[in-house]
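Chain letters run A, B, ... following the sequence lines, proteins first, then strands; residues in each count from 1. All values below were derived from every heavy atom in this structure, side-chain atoms included, with hydrogens, water molecules and symmetry-related copies excluded.
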Amino acid sequence: MNTLALLVAVGSSDVVTPDSPPIDTGTTAWMLVSTALVLLMIPGLAMFYGGLVRTKNVLGTMMHSFAAMAIIGVLWVVAGYALAFGPTVGGVIGWDPSKLLLAGIDQTIMEGGIPEYVFAMFQGKFAIITPALIAGAFAERVRFLGYCVFIALWSLLIYNPLAHIVWGGGFLTGDAIDFAGGTVIHVSAGVAGLVAALYLGARRGFPRVAMHPNNLVMTMMGAGLLWVGWFGFNAGSSVESGLKTAQALTATQAAAAAGALGWMILEGWRHGKATSLGLVSGILAGLVAVTPAAGDVLPVGAMALGLLASAACYGAIAIKNRLGYDDTLDVFGIHGVGGIIGALGLTFFLRDVPEGGIWVQFGHQVMGVLVAGAASAVGTLVLLVLVEKTVGLRLEERGELAGMDHSMHGEHGYGLLNPN
Amino acid sequence: MNTLALLVAVGSSDVVTPDSPPIDTGTTAWMLVSTALVLLMIPGLAMFYGGLVRTKNVLGTMMHSFAAMAIIGVLWVVAGYALAFGPTVGGVIGWDPSKLLLAGIDQTIMEGGIPEYVFAMFQGKFAIITPALIAGAFAERVRFLGYCVFIALWSLLIYNPLAHIVWGGGFLTGDAIDFAGGTVIHVSAGVAGLVAALYLGARRGFPRVAMHPNNLVMTMMGAGLLWVGWFGFNAGSSVESGLKTAQALTATQAAAAAGALGWMILEGWRHGKATSLGLVSGILAGLVAVTPAAGDVLPVGAMALGLLASAACYGAIAIKNRLGYDDTLDVFGIHGVGGIIGALGLTFFLRDVPEGGIWVQFGHQVMGVLVAGAASAVGTLVLLVLVEKTVGLRLEERGELAGMDHSMHGEHGYGLLNPN
Amino acid sequence: MNTLALLVAVGSSDVVTPDSPPIDTGTTAWMLVSTALVLLMIPGLAMFYGGLVRTKNVLGTMMHSFAAMAIIGVLWVVAGYALAFGPTVGGVIGWDPSKLLLAGIDQTIMEGGIPEYVFAMFQGKFAIITPALIAGAFAERVRFLGYCVFIALWSLLIYNPLAHIVWGGGFLTGDAIDFAGGTVIHVSAGVAGLVAALYLGARRGFPRVAMHPNNLVMTMMGAGLLWVGWFGFNAGSSVESGLKTAQALTATQAAAAAGALGWMILEGWRHGKATSLGLVSGILAGLVAVTPAAGDVLPVGAMALGLLASAACYGAIAIKNRLGYDDTLDVFGIHGVGGIIGALGLTFFLRDVPEGGIWVQFGHQVMGVLVAGAASAVGTLVLLVLVEKTVGLRLEERGELAGMDHSMHGEHGYGLLNPN
Amino acid sequence: MKLITAIICPERLDQVRQALIKADITRITVTRCSGRGQAESLEIYRGLEVGPELVPKIRVDIACNDEFVQVTIDAILDAARRGEGEVGDGKIFVTELQQCIRIRTGESGGTAI
Amino acid sequence: MKLITAIICPERLDQVRQALIKADITRITVTRCSGRGQAESLEIYRGLEVGPELVPKIRVDIACNDEFVQVTIDAILDAARRGEGEVGDGKIFVTELQQCIRIRTGESGGTAI
Amino acid sequence: MKLITAIICPERLDQVRQALIKADITRITVTRCSGRGQAESLEIYRGLEVGPELVPKIRVDIACNDEFVQVTIDAILDAARRGEGEVGDGKIFVTELQQCIRIRTGESGGTAI
Ligand SMILES: Nc1ncnc2c1ncn2[C@@H]1O[C@H](COP(=O)(O)OP(=O)(O)O)[C@@H](O)[C@H]1O
Ligand SMILES: Nc1ncnc2c1ncn2[C@@H]1O[C@H](COP(=O)(O)OP(=O)(O)O)[C@@H](O)[C@H]1O
Ligand SMILES: Nc1ncnc2c1ncn2[C@@H]1O[C@H](COP(=O)(O)OP(=O)(O)O)[C@@H](O)[C@H]1O
């Protein structure tokens with residue numbers, strides 16, 4: 001479960017030496033593929049989110065994901081990797097000047113036989129997707145420039161430390177089980193989303209005005225790509241191409257299917273109808289919940305987590321609807337809640353009883369969730385205030401009513417609606 | 001050609017032992033990828049089918065594919081794998097209680113160096129896609145609950161035995177050549193579709209009312225994903241990462257291109273216009289036909305099969321149009337006919353002359369097609385009657401006219417059509 | 001940098017021998033995946049291009065990509081591979097009758113441990129995508145039959161020789177660095193597009209009539225798939241699964257992100273708004289520019305190339321807008337200019353100082369660009385005239401006004417726009 | 001001449017067209033629109049039942065000579081009503097048409113309808 | 001009875017609907033359309049600022065009895081105007097409605113509105 | 001004032017717009033619709049030639065003062081006709097417009113057109 005940390009510790013601290021481990025072409029192949037698969041999740045997310053907003057915001061919402069590819073894509077190469085996976089400074093952040101611009105790892109082969117570049121790129125996709133996830137919470141109402149600044153800072157100041165703390169040699173590395181990023185990615189994004197939704201306030205007209213998804217068809221396509229990409233996300237996090245990888249992939253598949261089935265049944269029972277949005281939400285809930293657990297639970301445990309997450313997320317969204325705040329695309333309801341369910345719940349389904357016993361491990365898990373949640377909450381709030389007061393984040397009324405596509409990007413998504 | 005059967009026989013009958021074969025990271029990587037690629041085919045199919053129905057049924061049609069991911073996804077883990085790939089019981093079904101919930105294969109490494117989990121997941125995708133294919137035959141007119149029950153039963157009672165009979169150690173294992181599922185998947189789905197279309201009757205208004213595809217653009221995207229995914233489907237069925245894999249991939253590519261070209265030319269000749277739906281139908285026809293043959297024919301044979309299938313499917317659809325039954329998305333016309341062409345036709349293009357000579361092999365092939373077709377026809381009919389009489393399968397008039405999206409799922413696919 | 005040439009020279013000249021190298025399952029796995037990824041680029045391109053034209057041409061434009069899959073897919077197997085990668089005839093074209101229909105490589109394992117089939121299929125995807133790229137330059141105004149004949153001839157008579165000259169053992173093999181096809185693919189397609197746009201003339205009504213993209217949402221999806229697929233394109237061109245592969249993938253990722261960021265910033269600065277089309281154009285510019293360089297530059301160099309290309313392409317399109325010719329989807333502006341920037345610019349960012357020093361290498365690069373550009377320009381012009389005078393290429397007024405979907409294919413893309 | 005504009009439920013379009021054809025009215029123009037009358041049609045969004053304010057409707061425009069007005073209205077009334085009549089079945093509006101010109105021939109008036 | 005047709009800016013649709021509801025006008029029909037008045041709305045296509053000739057608009061149709069015409073027009077005027085009034089705010093057209101029939105019940109005239 | 005509504009072939013929209021602009025009519029509203037006149041337009045669906053009952057059409061609405069009516073009609077007639085006139089070229093309908101109000105300024109009548 002501490003594969004990442006160990007690999008990094010061993011493999012990357014020094015430059016290539018005559019005795020660097022030989023390449024394992026199979027593992028390298030799988031890690032290359034995993035990198036591509038996680039990259040695929042980003043357009044997948046853009047489609048998933050893009051389909052759920054109103055027609056006038058479809059491009060703007062997709063741009064949130066795509067801008068993350070551009071901005072974090074550059075930042076990660078420049079400094080992110082050095083900050084997250086450099087030797088630890090006080091357990092909270094890494095620092096390795098030789099890794100700036102990835103210069104120092106040009107020839108490094110890691111323990112396990114893969115070039116460190118591949119590991120760095122694989123991790124980079126995680127860094128990209130996390131802020132892109134948050135964007136769902138304040139969809140349809142932010143300024144593009146403010147958003148860009150926000151995610152850049154969030155990535156540098158919140159994501160990188162968190163990744164370092166849990167995976168990169170920081171103070172939680174090795175305690176909490178977080179196979180593929182349940183806390184670092186989903187809990188932190190979910191909590192950040194919640195804070196942002198509360199701080200920025202609801203969309204104008206919410207909930208009075210009906211706000212319908214413009215393209216559920218695209219949302220379903222996106223969900224399909226997310227499922228496929230998640231195989232890279234989870235099974236790739238084994239950083240090998242072997243038994244653990246297979247276990248992670250199996251758990252991922254089982255949890256996603258169980259989550260989808262669970263939500264379908266819940267809706268069928270409560271509303272007499274199973275919706276497509278419900279089914280894909282269930283897929284997501286299952287995938288999120290199994291993320292921290294993928295390599296460490298049996299298929300039956302994965303299915304249990306998927307079902308649990310489905311029910312919990314369904315409930316969380318129901319509660320949100322009653323509380324009335326506007327987490328537009330339910331980032332907290334799915335990623336926050338699902339991530340917590342997964343991170344805590346996995347304790348009870350572990351393949352191997354953990355060293356200190358179940359409850360000690362549960363303590364570690366709670367700790368992990370709390371650290372990620374708290375760090376993300378506080379950090380996000382500070383950044384939100386900062387960005388809002390400087391470049392401005394919340395979109396002004398005129399722009400919001402006109403829609404982000406027109407007011408922020410000077411375009412509209414579906415030219416086909418206009419005779420031309 | 002009996003790779004699957006052999007591997008299973010050797011690799012999975014007992015739990016992990018000290019002398020279990022070493023992992024081959026390369027083969028494992030490719031099989032992981034193949035699993036992801038076949039999974040990609042399911043949203044691909046949802047897009048392909050979803051684009052062809054009327055606007056009011058787009059989500060409902062996509063849900064048929066997605067529900068298969070959820071339902072069969074769970075069932076396969078729970079019992080499907082044990083039933084299809086457990087030690088044979090009388091040659092018609094497998095049974096291995098230790099494989100229920102995949103519990104017994106948690107550490108198993110198969111002959112060939114891949115964890116059995118990967119094989120189980122790869123096979124699971126086939127189990128998912130087969131019922132999803134059938135759905136095209138009765139698109140636009142079934143109740144969602146009835147559909148769910150139908151595919152669950154179909155998978156357990158028809159697919160699992162068939163997979164066992166042909167691949168898992170059942171009575172046809174080793175005789176008929178079915179590299180990647182021409183009979184098990186395409187012939188059985190095609191015949192099931194035909195039976196279902198006949199039993200359930202035509203859509204209301206058919207053929208009087210014009211029923212146009214709502215989104216050929218999405219159908220083309222779906223066809224693209226299907227082609228890509230099919231590389232996993234066919235080349236993955238080699239269960240290795242080597243010469244056979246390369247041969248299967250090459251055959252797949254050649255047949256798809258030839259099928260597409262063939263249909264284009266046919267339409268150009270007959271109608272003076274080559275349509276996009278024709279081109280993608282040709283892709284599918286080629287891919288279906290090469291499925292049973294992929295590992296065993298030369299590229300030139302694959303192209304011949306692709307061309308043949310294109311012509312045959314084109315003809316079959318023309319005949320259907322004259323007969324007037326309503327196989328909505330031509331499941332029989334493409335998968336049934338294409339599968340039969342491939343399964344029988346491959347005999348004449350084999351790389352190596354089969355042991356008993358061509359005609360003996362042809363007999364085996366006919367046998368395979370007949371068994372798959374007959375089992376599927378009879379079983380499907382029984383299940384259809386059962387489901388129709390209990391939960392109800394055929395949608396009542398009101399719901400059908402309103403469209404499945406509204407009546408079954410309480411949603412509509414393209415919010416963008418409504419000002420919001 | 002001459003990996004391809006060397007591999008081919010060694011591995012494919014004779015049939016399988018007892019001492020053929022052993023399969024490397026990992027490398028084979030990665031090359032199989034790369035093949036699938038590059039295939040994915042073709043529907044990706046169809047979506048990218050398809051979204052940018054007017055509603056009435058969406059299917060016709062996607063058909064340009066799909067028809068290339070069908071036509072070149074067949075041609076490459078039949079003769080293309082033999083022409084591009086057979087033993088050289090005078091340095092300009094290959095010829096190996098035993099490779100016709102790929103017959104002679106059925107069992108060949110190349111140096112590096114991959115079946116030659118995989119290499120042939122990987123290369124085949126490049127052959128498919130190149131003419132499909134050109135189609136963007138004359139989008140919305142060509143006859144389908146003429147287009148089919150044009151790309152068939154272009155592939156046989158221009159692409160195959162070029163691929164041979166630069167990669168397959170022809171007279172430039174080994175001099176110019178062209179890691180993954182900057183000159184062979186992008187410069188040649190860009191120049192061909194320019195020539196075709198000039199020869200065929202502008203769309204009727206251009207620039208007076210506003211011509212808006214029908215579906216920028218789909219264009220973004222397509223860009224996402226292109227980015228993912230490009231990992232196969234570039235990292236696959238290492239024909240291994242090791243350090244070089246990782247370097248190429250890293251460079252690709254860095255350049256794409258930098259290109260996107262660059263364009264975003266440029267637009268923000270010039271127009272006060274960053275558009276989605278701008279961002280995805282930047283992605284493409286970055287990817288194109290890094291294509292010839294991917295394996296040979298450090299990440300920082302890749303980012304520099306991405307930024308440079310973004311600025312240069314932005315400028316080139318601005319100039320085009322002033323010159324007023326109608327390169328509809330900016331094939332020259334993106335692929336031509338980006339390819340040139342990459343091919344020449346890489347000299348200054350090479351990881352290892354080239355043998356003859358930077359300026360000698362620069363000379364080689366200029367040479368490579370000139371040869372590709374000149375060959376493509378002249379050849380394209382000849383073919384254009386030929387096709388136009390025989391089967392006819394430019395669409396007549398009536399068909400152009402009605403749109404290619406109706407006039408060429410008898411369909412329309414979005415049935416959802418019509419009540420049905 | 002009159003212009004008859006009916007706002008109907010999308011699911012009844014096929015029936016309305018058939019009824020019109022039976023009544024010898026073949027020329028029509030159909031447009032997607034959205035509307036709000038008394039009708040409520042619940043949709044479900046992540047477990048929340050939302051009343052979509054505007055529900056999809058179909059607008060049918062028919063120009064006809066005065067003697068055909070009643071026939072057309074009757075045909076629509078009959079075919080567009082669901083069962084015994086439900087909220088959301090729609091409306092028919094009739095306005096005076098001053099002129100009608102066939103573009104192909106340029107002819108105008110009653111024969112151009 | 002009158003048929004009031006307003007062509008408005010898409011971003012004001014919600015406001016217009018609310019204003020109408022406040023004025024007790026709940027029944028409306030809404031259609032996507034495109035239009036060109038004086039308005040210019042720049043879009044950007046690969047660095048080129050293009051004036052899209054036809055910009056997206058919303059068409060709102062309301063049938064109402066004569067006594068409600070002014071109320072309706074006032075509500076629309078008020079809610080559809082952006083700020084002090086901008087080019088592109090839209091137009092209102094009023095035509096005479098000869099008949100109005102509720103499909104559900106078949107009743108016609110003022111009560112069927 | 002009159003409201004001129006033309007149902008034309010989508011492929012002629014650009015020509016019609018240009019003809020109108022030449023005749024000094026710049027303000028128009030355009031809507032996608034589908035229609036059925038005499039026109040038959042074959043489509044192909046998997047080898048079957050199907051006559052799509054409703055073919056895509058464009059609806060053009062122009063409000064104009066009485067003195068411009070003929071000019072407008074002539075411009076449309078001229079630009080919308082394909083060749084010597086073909087089935088499917090479309091129709092023009094003219095109705096009486098009682099009032100026209102510019103939302104931006106609130107002014108009404110002939111100057112608000
Ligand atoms: N007064 C009106 N003005 C404009 N459109 C109307 C009017 N009344 C009804 N409609 C249109 O007709 C559709 C169906 O109305 P319906 O609910 O059947 O009317 P009612 O409530 O009068 O029975 C509505 O969705 C709306 O589009
Ligand atoms: N005379 C007209 N005929 C048809 N539609 C019109 C007319 N005038 C305005 N419109 C519609 O109203 C929309 C908004 O017009 P606007 O620019 O506000 O008008 P104006 O230029 O008179 O202020 C236009 O896009 C068009 O759709
Ligand atoms: N009487 C009518 N009522 C409503 N729409 C009509 C009528 N006549 C024609 N149209 C519209 O005009 C379009 C073109 O009609 P067209 O085939 O040219 O008419 P015609 O058959 O009279 O020559 C039709 O598709 C339809 O949308």
Side-chain angles (χ1 to χ4, degrees), chain D residues 1-8 10 12-35 56-66 68-69 72 75 79 93-113, chain F residues 1-13 15-16 19 29-40 51-61 64 66 69-70 72-98:
Chain D
M1 293 174 294
K2 296 278 185 289
L3 183 64
I4 300 175
T5 301
I7 314 289
I8 61 170
R12 304 305 294 177
L13 175 59
D14 288 341
Q15 275 72 5
V16 168
R17 288 224 49 217
Q18 282 159 29
L20 288 169
I21 290 171
K22 213 174 277 165
D24 244 7
I25 318 282
T26 54
R27 300 194 164 100
I28 69 171
T29 300
V30 177
T31 317
R32 270 191 197 285
C33 61
S34 308
K57 295 278 162 193
I58 293 288
R59 171 190 177 122
V60 175
D61 287 285
I62 301 160
C64 62
N65 288 316
D66 293 346
F68 281 97
V69 172
T72 307
F93 303 122
V94 183
T95 49
E96 182 68 30
L97 191 60
Q98 294 193 328
Q99 225 184 320
C100 169
I101 306 164
R102 169 168 293 133
I103 292 178
R104 173 163 51 93
T105 57
E107 71 194 302
S108 73
T111 61
I113 283 284
Chain F
M1 292 173 295
K2 296 279 185 288
L3 183 64
I4 300 175
T5 301
I7 314 289
I8 61 170
C9 219
E11 61 192 87
R12 303 306 294 177
L13 175 59
Q15 276 72 2
V16 169
T29 301
V30 176
T31 317
R32 271 191 197 286
C33 61
S34 308
R36 176 91 169 79
Q38 263 172 33
E40 288 282 348
E53 305 250 293
L54 294 170
V55 303
K57 294 278 162 193
I58 293 288
R59 171 189 177 123
V60 175
D61 288 285
C64 63
D66 293 346
V69 172
Q70 203 49 49
T72 307
I73 291 178
D74 289 346
I76 296 175
L77 273 182
D78 211 56
R81 197 182 287 146
R82 294 169 295 181
E84 294 302 289
E86 279 185 37
V87 169
D89 278 350
K91 283 275 167 70
I92 303 177
F93 303 121
V94 183
T95 51
E96 181 68 31
L97 192 60
Q98 294 194 330

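Using a 4.5 Å cut-off between heavy atoms, F:R82 makes no contact with chain D at all. Residue F:I4: no heavy atom, backbone or side chain, is found under 4.5 Å from chain D.
Two residues are said to be in side-chain contact when any heavy atoms from C-beta on lie closer than 4.5 Å; D:R17 and F:R36 meet this criterion.
Taking each heavy atom of F:K91 and D:I103 in turn, the nearest pair found is N-CD1, 3.7 Å. Contact record, D:R104 with F:R81: O-NE, 3.0 Å, taken as the closest heavy-atom pair. The two residues D:E96 and F:T95 have their closest heavy-atom pair at O-CG2, 3.2 Å.
For the atom pair OG1 of F:T31 and CZ of D:R59, the computed distance is 8.5 Å after rounding to the nearest 0.5 Å. Here CD1 of D:I28 is found 5.5 Å from CG of F:L54. Values are rounded to the nearest 0.5 Å. To the nearest 0.5 angstrom, D:D61 atom CG is 8.5 Å from F:T5 atom OG1.
When each of F:G83, F:C33, F:A80 is checked for heavy-atom pairs under 4.5 Å with chain D, F:C33 comes out on top.
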